[in-house]
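Notes follow the structure.
Nothing fancy with the numbering, it's 1 onward along the sequence. Only heavy atoms go into these numbers, but all of them, side chains included; no hydrogens, no water, no symmetry mates.
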Amino acid sequence: MLGVATVKTSVTELPESRVRVQAEVPAEEVEQRVAEAARQLGRQMRVPGFRKGKVPPPIVIRRLGREAVLDEALRGSLSTWYADAIEEAGIAPVGQPQLDLGDLPGEGQPLSFSIEIGVRPTATLGQYKGLEVGRREPVVEDRQIDEELERMRERFATLETVERPAENGDFVVIDYVGSVDGEPFEGGTGRDQLLELGSGRLIPGFEDQLVGAGAGDERTVELSFPEDYQAAELAGERAQFEVTVSEVKAKLLPELDDEFATETGGFDSLDELRADVATRMKTVEEREIEREFEGAVLDAAVAEADVAVPEQLVHARAHELLDDTLSALERQGISKEAYLQIAGKDEETLAHQAEPEAERALKREAVLAAVVEAEGIEPTDEQVADALEPTAERRGDSVGELVEQLRKADRLERVREDVASRQALELLVREAKPISVEQAKARDKLWTPDRAEEGSSSGQLWTPGS
């Protein structure tokens, strides 16, 4: 097993919050990776005198040429060496790097490469302790409690078969067979499917054409698949569905009374249930207020600080935010192409829209890093372990195992930095002085009359449902 690469670095600061990292991988590390690449290649080679998969690295290198094997080694190792170089240089990178490999090393020679990349800007702190920041009080209105009780009724609703035509909000049990140009297609057939009319679960237009159908009715549903439909062979195609309705079911909501309170929550009365809902909603509201207050305190510290954020750096971070959004949507089954089509914008336009959010994030990170330095914040190993405990629990590992994994992957120091930033934020919040929202608004109008105009656009990325 290969050990952690020891990459030597030197850092040159450039204008516009950029740096150049000159990195050198020791010759012995390069040769170790070349030998490993040769072993991998040798497993696929047939050489007279050797069993398949057992060709020694020197023979592989002689057969293929050192340059070809070195190229394979670089493809497999460069990302690790890059990460090691960034870690060794002690920088917080922003955006895509410009990597220059230069001349490839000869046998027994070290590998040199350079990285030019944007870095987190530095902040000159102003006042960051004792900041007066608006904090609202938790309020739970009767309307909100009523809405939550209605959601509870929906969860405990039952279905009852009815002898009447289906209406929006009803459920129908259907069989269907779909075809395009008279030919059935994969996934176009269903039996005994329970469908809520008006739910929007199926292709637009399908549910609408079943409104008014009764048990035993047969209908031909005609529609076009959306242009961004996930099955590319059906996208934009005109289809017909032969649908048979076997049952119509109405949704029955339970009465909102003492019996409902007893059955759903074990309460003696509806009043007790309402009180419990109010308490739970207030707890959620208090947590939301805490998050809001943290952000407001940090933004207040940013407003007091001097942070220069170059435009190029902001745009690079905006692309990172967009990439994070696209990756999250991909995990939910929404492709980048589908997202861009729904949004009606290209990546560059979306990145520009995210620039206000990106600038705010960079300034916040810079201020927190400056507070960490000013206060000499150094998380202990125990505090780092505590921060990793939820992740370890989700993965089924012990905290010790996770710490060791992160150490081997050269990621433990980044976790330590995140914990330090969190501790810096907790310090800011602990030292802040909450004032009423009315006072905060009045002071904002007095001190920063242009803030309303600056904040007219959130700069946040559009996502489905937002």
Practice item. Begin with the C-alpha distance, continue with both residues' side-chain angles, and end with the deciding distance and a verdict on side-chain hydrogen bond (donor to acceptor under 3.5 Å, both in side chains) for E401 and Q405. Key: CA-CA 6 Å; E401 289 171 335; Q405 292 167 15; 5.5 Å; no

Residues two or more places apart in sequence or in another chain: which of them pass side chain to side chain contact (heavy atoms under 4.5 Å, CB included) with [X]?
| X | value |
| --- | --- |
| V180 | F185, L234, E237, A239 |
| E290 | R135, E294, V429 |
| A37 | V69, E72, A73 |

Any chance you could measure [X], atom [atom1], to [Y], atom [atom2], to the nearest 0.5 Å?
| X | Y | atom1 | atom2 | answer |
| --- | --- | --- | --- | --- |
| Q32 | E28 | CD | CD | 9.0 Å |
| L388 | Q383 | CG | CD | 12.0 Å |
| K336 | Q341 | NZ | CD | 14.0 Å |
| R411 | L402 | CZ | CG | 8.5 Å |
| I115 | Y82 | CD1 | OH | 5.5 Å |
| I86 | R414 | CD1 | CZ | 8.5 Å |

**Study point:** E116/V19 under side chain to side chain contact (heavy atoms under 4.5 Å, CB included): CA gap, chis, key distance, verdict
**Key:** CA-CA 6 Å; E116 188 174 317; V19 298; over 6 Å; no

Point to revise | E196 bridged to K251 by N-O distance under 4.0 Å | key: yes

Any side-chain heavy-atom pair from [X] and [Y] closer than 4.5 angstrom?
| X | Y | answer |
| --- | --- | --- |
| K345 | L340 | no |
| L322 | E347 | yes |
| E431 | E426 | no |
| E292 | R136 | yes |
| V94 | V119 | no |
| L427 | E375 | yes |
| V139 | E285 | no |
| P105 | L70 | yes |

Please confirm whether the backbone N or O of [Y] pairs with a side-chain atom of [X], one donor and one acceptor, at under 3.5 Å?
| X | Y | result |
| --- | --- | --- |
| E31 | G108 | yes |
| E207 | G198 | yes |
| Q439 | S436 | yes |
| Q98 | D100 | no |
| T283 | T279 | yes |

Exercise for review: Kindly give the heavy-atom pair with the smallest separation between V307 and A123, and that separation in Å.
Suggested key: CG2-CB, 3.6 Å

Check your understanding: Do you know the tightest heavy-atom contact between R416 and P379?
Key ->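 It is NH1-O, 3.1 Å.
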
Practice item. Show the numbers, then the answer: is there a side-chain hydrogen bond (donor to acceptor under 3.5 Å, both in side chains) between T12 and R20? Key: CA-CA 5 Å; T12 302; R20 181 179 297 111; 5.3 Å; no

Result block: side-chain N/O donor-acceptor pairs under 3.5 angstrom for residues 140-152, not counting sequence neighbours:
unit_1	atom_1	unit_2	atom_2	d
E141	OE1	R143	NH2	3.2
R143	NH1	E147	OE2	3.3
Q144	OE1	E141	N	2.7
D146	OD1	R274	NH1	2.8
D146	OD1	R274	NH2	3.4
E148	OE1	R151	NE	3.0
E148	OE1	R151	NH2	3.0
E150	OE1	R153	NH1	3.3
E150	OE2	R153	NH1	3.0

**Study point:** Selection residues 358-403 - residue pairs positive for ring pair (Phe, Tyr, Trp, His ring centres under 6.0 Å), sequence neighbours left out
**Key:** none

Review point. Can K363 and D299 be said to form a salt bridge (charged side-chain N to carboxylate O under 4.0 Å, His left out), step by step?
Key: CA-CA 9 Å; K363 287 183 175 181; D299 286 338; over 6 Å; no

Exercise for review: Take R33 and S77 through the test side-chain hydrogen bond (donor to acceptor under 3.5 Å, both in side chains) and record every step on the way to the result.
Suggested key: CA-CA 7 Å; R33 296 298 177 116; S77 305; 3.1 Å; yes

Let me have the donor-acceptor pairs involving side chains of residues 310-318, under 3.5 Å, with sequence neighbours excluded, atom names and distances please.
unit_1	atom_1	unit_2	atom_2	d
H315	ND1	E355	OE2	2.7
H315	NE2	H319	NE2	3.3
H315	NE2	E348	OE2	2.5
R317	NE	E320	OE1	2.8
R317	NH1	E365	OE1	3.3
R317	NH1	E365	OE2	2.7
R317	NH2	E365	OE1	3.3

Practice item. For E438 and K441, run salt bridge (charged side-chain N to carboxylate O under 4.0 Å, His left out): C-alpha distance rounded to whole Å, both residues' side-chain angles, the deciding distance at 0.1 Å, then the answer. Key: CA-CA 5 Å; E438 290 72 21; K441 286 181 178 178; over 6 Å; no

**Study point:** Verdict with supporting geometry, D346 and T349, side-chain hydrogen bond (donor to acceptor under 3.5 Å, both in side chains)
**Key:** CA-CA 5 Å; D346 58 26; T349 299; 2.7 Å; yes

Practice item. Answer yes if the side chains of D418 and S421 hold a donor-acceptor pair under 3.5 Å, and no otherwise. Key: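 No.
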
